[in-house]
Structures are given as structure tokens and as C-alpha cells.
Amino acid sequence: MSASTSSRPADALRDGDSKHAAPTSKAAQKVGGVAGWIDDRTGAAGGVNYLLKKVFPDHWSFMLGEIAMYSMIVCLLSGVFLTFWFVPSAGEVVYHGSFAPLQGVKMSEAYQSTLDISFDIRGGLVIRQIHHWAALMFTVAVSAHMFRVFFTGAFRKPRELNWVIGCILSMLAIVEGFAGYSLPDDLLSGTGLRAAEGFMQSAPVVGSYLAYLVFDGPFPGEAIIPRLYSVHVLLLPAILIGLFTAHIVLVAVQKHTQFPGPGKTNDNVVGYPVMPVYAAKAGGFFFIVFGVISLMAALIQINPIWGYGPYDPSPVTAGSQPDWYMGFADGALRITPNWLEFTALGYTVSLNIALGALGLIPVFYGVAIAYPFVEGWIKGDKGEHHLLDRPRNVPVRTALGVAALTYYFIFMFAAGNDIIAIKLGMSINDITHFFQATLFFLPMLMFWITKRICLSLQRHDRDLVLHGRESGTIIRTADGKFFERHEDLDPYTRWPLVQQDPVHPIQLESGVDANGVARKGARKERLRAKLSNFYFRDAVNPVTPAELAAAHVGPGHEAIDAEPPTHEIEPDKVDGRMGIDAVHDDSHEFGSSTH
Amino acid sequence: MTALAAKRRHPAAFAFLLLLALLVTGTAYAAFAPRPAQAATLGADQVVEGKKLFQANCSTCHGLNAEGKSLGDGTEAGPALAGVGASAVDFQMGTGRMPLAAPGIQAQRQQKILFTPEQISQVAAYIASLAPGPAVPTSSDYDPATGNAAKGGALFRVNCAMCHNFAGSGGALTRGKYAPSLMGVAPKDVYEAMVTGPQSMPVFNDTNIDPQGKRDIIAFLQTVHDSPTPGGMKLGALGPVSEGLFAWIFGLGILIGCAMWLGQKSA
Amino acid sequence: MSEHDTPDTAVVPADDFGHGAVRLDEGHVIGTGGLPDRFENPGLPPHQPRMSDLTEAGAKRAEKQVAALFSVSILGTLVFLVSYFAIARDTYVFIPGIGDVDLSNVVLGTSLGAALLGIGLGAVHWAKTLMPDHESVEMRHTMRSSEERRQGFVDTLRAGGETSQLTRRPLIKVTLGAAMGLFALPLLVQLVGGLGRLPKNELSLTYWSGEVGPDGKPHFKPLRLARDPEGTPIKAEDVTIGSVFHVQPDGLLPDPTSDEPELRAGLESGILEAKSKAAVLLMRLNPSDIKSQKEKDWGYDGIVAYSKICTHVGCPVGLYEQQTHHLLCPCHQSTFDVTDDCKVIFGPAKRPLPQLKITVDDEGYLIATQPFREAVGPSFWERGQ
């Protein structure tokens, strides 16, 4: 519009519009180009600035989730590459590619195209191996991340919702992995699908219908490969990305948890801002994860489908196993006793299959999802928690987690019973019986051991706080006694050992009200008190300043052990050496005042 | 010619001529001698020698006349050997599985072979003289060069892979028994094992898998053994178990190492 | 971002002793003895300067290290590009400790790895050595919105319900609820209805049962037992004691020598489906080893044929130990005793493998005299019906 047309009536409407204020600072002018253009249209500057200044705490274990996230991104990237060459079809072809040992063999198009990716497309093998290794690393890192979140209590309020999302993500990751593993239609994955068909058939009442719906008729049919393909590249990735986005947004909104430490409180987060430190660290870590996966793909062969041969229902290979993340379900099947199958009223109930194949995964994740709510209820804990628990400070939770993992790993190792048998020269029957037996005692044993270890570590912490570090300096007292001088911990070192809240089991209130009438919910309360007692009756609480002061007046550090305050202090035993390492001037006075 | 004439008196000439004469006579004899007679004369000695060796080394378990020996409780110390053929003897003794090094669930392949090939063939001749059985294969029977690896692969997957694993790296059987790895096993041993069905292994006679099929399988195994692993280290060719372990231990280990470095304060 | 979010990002780099930046709300003093109930949070520890903070030389060294790592990345990318075109396919190279590997895979993968790791390690090293390492502290706020906001939300919701008259018009409420509850059903029905057909009695039939006629019933015809995968028929005398034959029904593969047109043609499609239920193992035992009379009767002179499909989840039970006469499934280790009707002696499978009744025809070939009498393979709800 030129100035000459400004006399038109409509232009008068714009007369009052102010011109854009020119950016004031030089830097703002410089960045102003593209960013300004975008901000003009989105007003994003404020929000993005907020995100850039967000603070993230540093700890290696916080990177486990990032390994999972980045492996997933690598999977998505390499997966897109693979879709350009992979043909999701069970159509029969005769192979004439460059892999000699399969020349002239009949196979499906899916298998043929996977061979082509591996042998005829330049760099195709490296992309395929990146994809598979990234998938394994994804599931490995998701599990490790889950362990970290569990054992540090990061699932507590307000993060229960994110724990639930994470559990669903983990479960979907397993299904996604299994779908991808089945796509190449090789002998091993086909055997896996065959077993999956058997799992479906074992579902009570609807089993055979379920199998026929999924496979569009009898096994194997031609439908399963294209169907798994759309589930693997479309349906599950969409859900995964959606849930994963929610997972990350919640982390940003709730801010990251942090380990207790000096300067770290439940109301702050101490770390480094996104711009520039975390942009470089987290951004760089993506390249590290991708780089390590590339190296693995370069040097370690994974899933050599050309070796397995094309799928045929009649052959099978020794050592038929699923990928590791399906191992626990497969292992459960191996050690389930066969008497769980029976007929009732002429109908066959195959609990020997249904329990392990259909029940285990939902039960496992169901328990995991429910845990934060159960623990919150037992503790009657309504507060927000942003400081992580040191695993030793919650012995029962840590021990329960270890017991659950023991179950998980028994099942998982049972899936490798044939490999263990041949590698260790043992009988597969003995190994199977051994795993069956361990189910009944090992988790309990591990619970007990873990709890004991946690309690001793806590006592050790108390001991350290109360008695300090051994300095190596030997002191001779006036009456000729020798002792080693202990140095008090400095406040920064001491703080992580004493910061946690003391805990006590909930006291059971009377089940009846003042009139002797049973109160509503009394039974629930009784259960809760029982559970609370189970969780906290052995609690070792942190040293209080009073206890530390008392420790300083104790004779030769023996009067007070690491136990919580059951000690007696006799003022007359206070001797001259007390002055050496006591920092609290009022300790003597305190020691007297308690008696 | 003069050069040859000049060397006529060389001391080595005598030895050379003698060798040549022996070779010619031997070849002529082998070519013209009536076969049964040879088998009878040569074989008879072999059988006698073999029987001696057998009685000295094998009869504790297999009985003085290879009739087998029962332990009385329904199990046997060693099976009867009539009809197992020279091939079975050649396989069991040639791979060191027999005589049994130590009582165990299953006779194992040994590095050290206790008997010379000649002694083994003598015992084989003795066992073969008891009843007809599969003979020791000749090198043309198991020459991998004459087999088709692709066809052998199809046969291998149906008939062998369930015990010996897709890549021939072996697998577990019941109660501690196992199917051994086939990597590096001589073609002759593979052939003999198929023909004779040692221990737990079933017999794959020529009507089940014809000799050409056996050569195909041997060719396939050779290809698997010789062929490179395109993708890198094969982690024992044990399938997903070793891959999962690797991801947990090395993959996660390296990345956690990086994460620790990342979270550490710089000096 | 609302005004609630922006001002609280007062990210204050803590001073060297952390005082002031951290709110310490713990350790209030109680009366007894003048000692607090809890220890006091000492605040952030003093900042330790790095080499690169202390000297320009240290910083310079860090800069060089970062630049070197980035250069490794550039080099890796170049190697990848060159080797992508330069290395011919099928070039194998021996790497100690790894084996004979595809050169292109190794070089492409490692150079890509170097290109990525160079960037990653460089960026992290940069962040660690040269970027500010004073901790920042960001304050948290409870997730819960303020009471006014929550009230506002409830009010809006209630007002919406009232102004739309949803609360006053139960008819709309009920019908809307029903409509919303039902509308997904057609989609669900379409999906489930279209996914596959019903199994009917198919799970109980195999290729041995014969072709299913228009009446829905199979018409049995004795089929020869053929070798898997070649498809050639088997004579009884071929099966010696101790041997095992992997069997498929005759007629799956084209047989040019056959007189019957069907057998000459073979199956056009559905071979895998047929094999997945009809695969059979054929073994010859010493008849005196067989404990079960039925097994003897259904076999032929010590030759017995059993379904190869595991009754657990359907893996092929192929591992036959000819001395113990045990059959082992490699997937879940179910073990079957061939001398005793293939009953389960170990593992998670419950039912014995079904036996196929066999005899010989005029030419001496083994044939099935009747189809399997029960459903083969994994259990399912109505298999006993």
C-alpha cells in the first residue's frame, strides 16, 4: 500500500495502531530475526524463556530415563528407514538375492525384504542392527529407570500419575518389541508367534475365537504380518509417543526430584539451567546414546535372521527364546506345573498356559501401578515429596522391591534354562525344578536379607554421625588409656545422613467409639495399622542433635551405640577427653539435664 | 637323457627304484587282485587283531563277544554291537568318545585319540564281521564340495536344528544330555553320526536322508562354519539370551558410565 | 504461560555458601536443652572452582579438547561418506576378537558412532568445563492450584451445566449418556467382526482329516506319509529301528509322478497352515519296548506316528532321543515318552501327543488309516466337545 491510498476510509481504522517498539538491546536485535518473527505470531518468548531457565539436578541415575527416551528416538529414526525397504507381506517368493545359503529357498516377502536390507542395501544391515539394539536398550533402560524410580520413592505424591504412565509405557514397550521381533518372519520369530497363538487359544471360553480373529483364520495365515506391521509402526508408536509426551510434560511441570543433600530441600530444585548447561549435557547425551548404539550395531551381530531360515511350522531350533523382555513370561511358562490344566464339564481350562502367558504381565504391572497408592495409604501420607529417599532409609519398600525383582529374575532366568543347561553342563530337568523351588523361598529370603542390609546401613549412618570418622590419631589420656580420636563429620557430609524424617508405625486407635459401638472402617484401620507396623516397626531413625550431643559426652564412644535413644548416660562417667572432639559447648549441660 | 644317465650311479637311485617298483607292484596288485580274496585275507587279519583290541579295551562294558552287558538293574553297561557297523566304531573311537573316558551321562568328544587309525579300523573290521552294518564312508561320500548348501539348510532345519540349534552350536536334551556343537566337526564324523545315530541321536539312514541330502547338510554346515558373521561378533550364536545379557551388561554399563561422567563435577 | 508461571522462575545462582538462596524450613528449635529437634540444612557447600575457571591455560586446554572431539565427529562423518561409496559389498575382513565381518557394516557403524560420539562427548565436556558450574536454585510450588482457582473451575463447570440446562433436563442427560456410551459400538463391531472368521471345528481337523465337503464334514481319504520337506512317500522298510522321520501328509507338494490329479498338482496355498497342524514324527521302536497296547495297534510293526505339534503351545516337538525314547520340546521342555503313548513325563504340557494310526498300502508305503482322533496342538476351551 502506498501512501497515496491512505485517504481510504478503512485506513483510518489503523491510525491509532502503535508501531512495534524497536528492540532495545543489541542482543535482542540480533536474535530478533527469526525468533522475533515466530514470537510475533505465537507469543512464545515468555514460555520458551521459562523453559530455558528451568533447572535440572545432576545425578547419573536421572539419566536412565534419558537413555530410554533417546533409545526410543533412535528406534523411531531407524525404524522409518527400515519401512522404506521392508515389505510386510506373507506372500510366498523364491529367494534369489545375494545370500548364497538361501538361494532358491521359498520364503515370505517379509523375510526376503529383511534379507535384502541385510545384504543388498548398502548400510542396511547397520540400520537394522541399530534398530534392534536400540529396541533392546530401550527396554533395558526403561526397566532400569523404573527400578531407580521405585527404589528412591520418586513415585510418591505428586508423581503417582507419572508412575502409572511410566508403567503403561513399559508394558507397551514390551508389546511393541515383540511385534517388531515377529515381523521378519524368520524361524525363531515364527516359533514365537506360534507360541503366541497357543497363548491366545488358552484363554478361557473365547480362546479359539481370539486366535482366529487375530490371525484371520488358522495359523499362520497371511494376515498376521501386515497386521503386526500396522500395530508396530502405527498404533503402538502413536500411543507410546503420546504417553511419553505426557510423561515428559509432567516431569517439567512437577520439576525433577533430587537426592537429599546440603542446600537441597523439598521446596527447591538445585542443579543447572537448561540454557546453556543442560541443553549441552542432555543434547550431547542423545548423541552419546546414539553413538554407543551405532558402535554396538557395528561390532555386535544381533538377530541374524539369515541364520534362522524362513518360517515353516515344522522345523524349530534348539534354544528357542524370545527377546529378553519377554523372557519372564516365557520362563513362567517353563516352570508352571502341568496339573494346572484340567477339564471341567467337558471344557478344557489351560491354566498351565493362561497363568503365565496371559495373566503374568497384567498382574505384574497391576501390582506395580497399585503400589504408590497402597504405600501412600499405609503411611497416611498426604504431603508432596520432591526429595528422594535413599533406598536404605525405607528398608521395607526396598526389600519388597528386591523380592519382586527376585520373582521377575527367577522367571527370566528360567527362560534360559536350556542355555544354562548346556553352558554349565547341568540337567535341564534339575534346573527347572530348582527354579520352581526358588519361587517359594528366594523372594522371602531376599526380602529378609535386603531389609537387614538396609537396617545395618542405616545404623552405620547413625554410627558415622554419632562417632565421626576415625582420624588415625591416637590419643593418650591422663590416666594412661589410649584411644583413637574420631573426627566429627562436617555439616555438609552429615546432612545427607540425618535429613530424613523420623518414622513411626501408626498407632491403632480403639476399634470402638466411646459408647462401645464398633466404629465405621475399624477393620480397615486395623489392617492399616498392621501394615504400618510391618513397614516401620524396625525403623532406624536419624540421629538428632540431642543424640549427637549426648554421644560427645559418652565415655570412649561406647556408651551410645547406633541404636535409637535407648541409652543411659551417666554424668559421672564423663571424663576429660570429652573436650577433645566435642563441638557443642552445651553437650555437658545436656547430658546432665536428662538425668 | 645324458643327465639321467649321469645320475644312474647316484646312491639314491637304488632307493628310488625300489620305491617305484614297490609302488607299481602294489598298484598292480590292488588293481588286479580279486576283491573278495583281498577282503578275506586282509580282513581276516584285521578281524583277529580287532577282536584282540576289542577284548582288551571294550569288553568290560560291551561283553567279550560284543553281545552287550547288562548291569542287572535294567540298565546296561554297554549295548550289543552286532550290526552297528564299522562306521559306528570309526565314529565312536575316531572322535575319542570310546573307550569311555569316564562314566557319565553321555560320552564326550575327546581331544586325545587313544588309538591309531589302523587300530580303529581293525576294531571296526571285527565289529563289521559280526553282522552287516553301515561301512566307513569314503571321502567322496561326504565331500562338501558336491553338496548344495541351500538344500542342505532346508534339510538341516527340519531334521537337525531342533537339537543342534540353527547355527549348529548345540543344544540341551533331557537330564543333562546334550546335542553337541557341530562347528568344526569333520565332514566324515557328521556323515557317520547321521548314518549310525550315536547315543541319543536318531539314525538318519539313506532312505530317510539320501546320501546326496547328507552331503547337502555337510555342505550347509561347512558354509555356516566358514561364512563370516556379517553383523559382527556373534555372541556364541545362542540367540536372544546372549543378546539380552549383552544389552544389560555392556550396553547399559557403558551408558551408565557416560552418565556418571556427565553428572560428575569437572576438576 | 500464565502469570502464575513466569515470576517464580527467579533462578538465583546461589552464592558460595548457599545462604540466602535456600529456604531452610527445618530444624526449628524446641524447648528442651536448647537443642533443635532436627539438624539444620547447612545450605549449599562452598563452590569449588575448576581448572578452567582458575587459569586461562586450563580453559584453553578444555577448549582444545572440546574442539578435538568435534573434529573426531567431522572425521567420522567423512569416513562414513567415503566408505559408503568406496567399500564394495561382500567385502569381509577379519577383526581379532570379533571374527570375519562385513567390512562395510563395521566401517559404516563405527564411523557413524564416531560422528555421533564426537558431538555428544564434545558437548558434554564443554558443558562440564567451560559452562557455568554454579548451581542454580529454582523454587517449587505445590501442584495444587489455589483455592480461588479451584473454586473458579468448579463455578465454571457448574455454570456450564446450569446454563446449558443439562442439570434441569434429565431427558437430555440420559439420552446423551446413552448415545455417548453406545456410539463406539458400531466401530468396535466392525473391527472385531471384520478381523477374522470363526474357528468352527477347524481346530479339531487337520490335513489328514480329508477335504471338508459342502456338508461341513471332512471326507477322510487315507494319505501316504511323506518326508518333510521333500514330500516323497515313505516305505515301512525305510524306517529302521532308532530312526526318526519328519513327516508331512502326501499331497502338499506337487508330485509329477502321481496318477491322481490332486496329488500331481499339490496345494496352491495353505501349505504352512496345513503343516502347522499335520506335521508328524515317525519313529521305529523295538516292539517289545512299547508299553501301550493301543500304541502297538495304531502303529505298524513298531513304527509309530505321533503329532509333532506340542500340546502345550504348539512348538514342534522334534527332539527325539533314540535311546531313552523321549521326545523333548525345545520351547518349554515338555518331555513325552514315546514308549508309553507319548504321555507327558516332564514339563508344562498336560496331554499326550495324539497318535496317528498308520498301516501300509499295497505298495508298501505307510498310510494313515484314520485322521487324528482328537485336536492336535495347544489346548483350547472347547476341544473336548
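Below, read A as the first sequence line, B as the second, and so on, with proteins coming before strands; counting in each chain starts at 1. Here the structure is a predicted model, which is why all the values come from computation and not from measurement.
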Trainee: Could you report the tightest heavy-atom contact between C:I241 and B:V203, atom names first, then the distance?
Mentor: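 In this case the closest contact between C:I241 and B:V203 is O-CG2, 4.2 Å.
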Trainee: Return the option, out of B:K234, B:K151, B:R157, B:M233, with the maximum number of heavy-atom pairs under 4.5 Å with chain C.
Mentor: B:M233
Trainee: Mind ranking C:C329, C:P316, C:P229, C:P330 by heavy-atom pairs under 4.5 Å with chain B and telling me who comes out on top?
Mentor: C:P229
Trainee: Within the supplied structure, the quantity of interest is the number of heavy atoms (other residues, nucleotides, ligands) at a distance under 6.0 Å from C:M51 CE; does it exceed 12?
Mentor: no
Trainee: Can you spot which of B:N208, B:D206, B:N205 makes a side-chain contact (heavy atoms from CB on, under 4.5 Å) with C:T240?
Mentor: B:N205
Trainee: Identify which of C:Q48, C:K235, C:R284, C:K128 forms the greatest number of heavy-atom pairs closer than 4.5 Å to chain B.
Mentor: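 The residue among C:Q48, C:K235, C:R284, C:K128 with the greatest pair count is C:K128.
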Trainee: Taking C:T324, C:I234, C:V244, C:N105 one by one, which has the highest count of heavy-atom pairs under 4.5 Å against chain B?
Mentor: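 Highest number of heavy-atom pairs under 4.5 Å: C:V244.
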Trainee: May I ask you to say whether B:K265 pairs ionically with C:E135, meaning some side-chain N is under 4.0 Å from a carboxylate O?
Mentor: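 A salt bridge is present here (some side-chain N lies under 4.0 Å from a carboxylate O).
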Trainee: Sort B:A172 into side chain, backbone, both or neither according to what part of it lies under 4.5 angstrom from a heavy atom of chain C.
Mentor: backbone
Trainee: Counting only heavy atoms closer than 4.5 Å, note whether C:F245 contacts chain B via side chain, backbone, both or neither.
Mentor: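 C:F245 touches chain B through backbone and side-chain heavy atoms alike.
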Trainee: Within the supplied structure, the quantity of interest is the number of heavy atoms (other residues, nucleotides, ligands) at a distance under 6.0 Å from B:R109 CZ; does it exceed 12?
Mentor: yes
Trainee: Tell me whether the count of non-hydrogen atoms from other residues, nucleotides or ligands lying under 6.0 Å of NZ in C:K60 goes above 12.
Mentor: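 No, NZ of C:K60 has 12 or fewer neighbouring heavy atoms, counting only those of other groups under 6.0 Å.
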Trainee: Would you call B:L173 and C:L319 a side-chain contact if the rule is heavy atoms closer than 4.5 Å?
Mentor: yes
Trainee: For residues C:E230 and B:L155, determine if any side-chain heavy atom of one lies less than 4.5 Å from a side-chain heavy atom of the other.
Mentor: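 In contact.
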Trainee: Which members of residues 113-126 of chain C, sorted by number, sit under 4.5 angstrom from chain B on a heavy-atom basis?
Mentor: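 Against chain B, the residues of residues 113-126 of chain C that fall inside the cut-off (heavy atoms, under 4.5 Å) are C:L121, C:V124, C:H125.
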Trainee: Can you tell me how far the CZ atom of B:R175 sits from the CZ atom of C:F346, to the nearest 0.5 Å?
Mentor: 7.0 Å
Trainee: Yes or no on side chain to side chain contact (heavy atoms under 4.5 Å, CB included) for B:T229 and C:V101, after CA distance, side-chain angles and deciding distance?
Mentor: CA-CA 5 Å; B:T229 49; C:V101 290; 3.9 Å; yes
Trainee: May I ask you to name which of C:T232, C:D228, C:T129, C:I95 has the most heavy-atom pairs under 4.5 Å with chain B?
Mentor: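 When all of C:T232, C:D228, C:T129, C:I95 are compared, C:D228 has the most.
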Trainee: Side chain, backbone, both or neither: which part of B:K177 has an atom under 4.5 Å from a heavy atom of chain C?
Mentor: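 It is the side chain, since no backbone atom gets that close.
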Trainee: Checking heavy atoms, do the side chain of C:R227, its backbone, both or neither come under 4.5 Å from chain B?
Mentor: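 Side chain of C:R227 only, per the 4.5 Å heavy-atom cut-off to chain B.
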Trainee: Does one side chain, of C:Q322 or B:S200, offer a donor that lies under 3.5 Å from an acceptor on the other?
Mentor: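 Side-chain D/A pair, C:Q322 to B:S200: absent.
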Trainee: Can you name the closest pair of heavy atoms from B:T174 and C:H326 and give their distance?
Mentor: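 In this case the closest contact between B:T174 and C:H326 is OG1-ND1, 4.2 Å.
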Trainee: Please report the C-alpha distance between B:M162 and C:K308 in whole Å, then the side-chain angles of each, then the deciding distance to 0.1 Å, and finally whether the side chain to side chain contact (heavy atoms under 4.5 Å, CB included) criterion is met.
Mentor: CA-CA 12 Å; B:M162 64 281 191; C:K308 191 178 168 184; over 6 Å; no
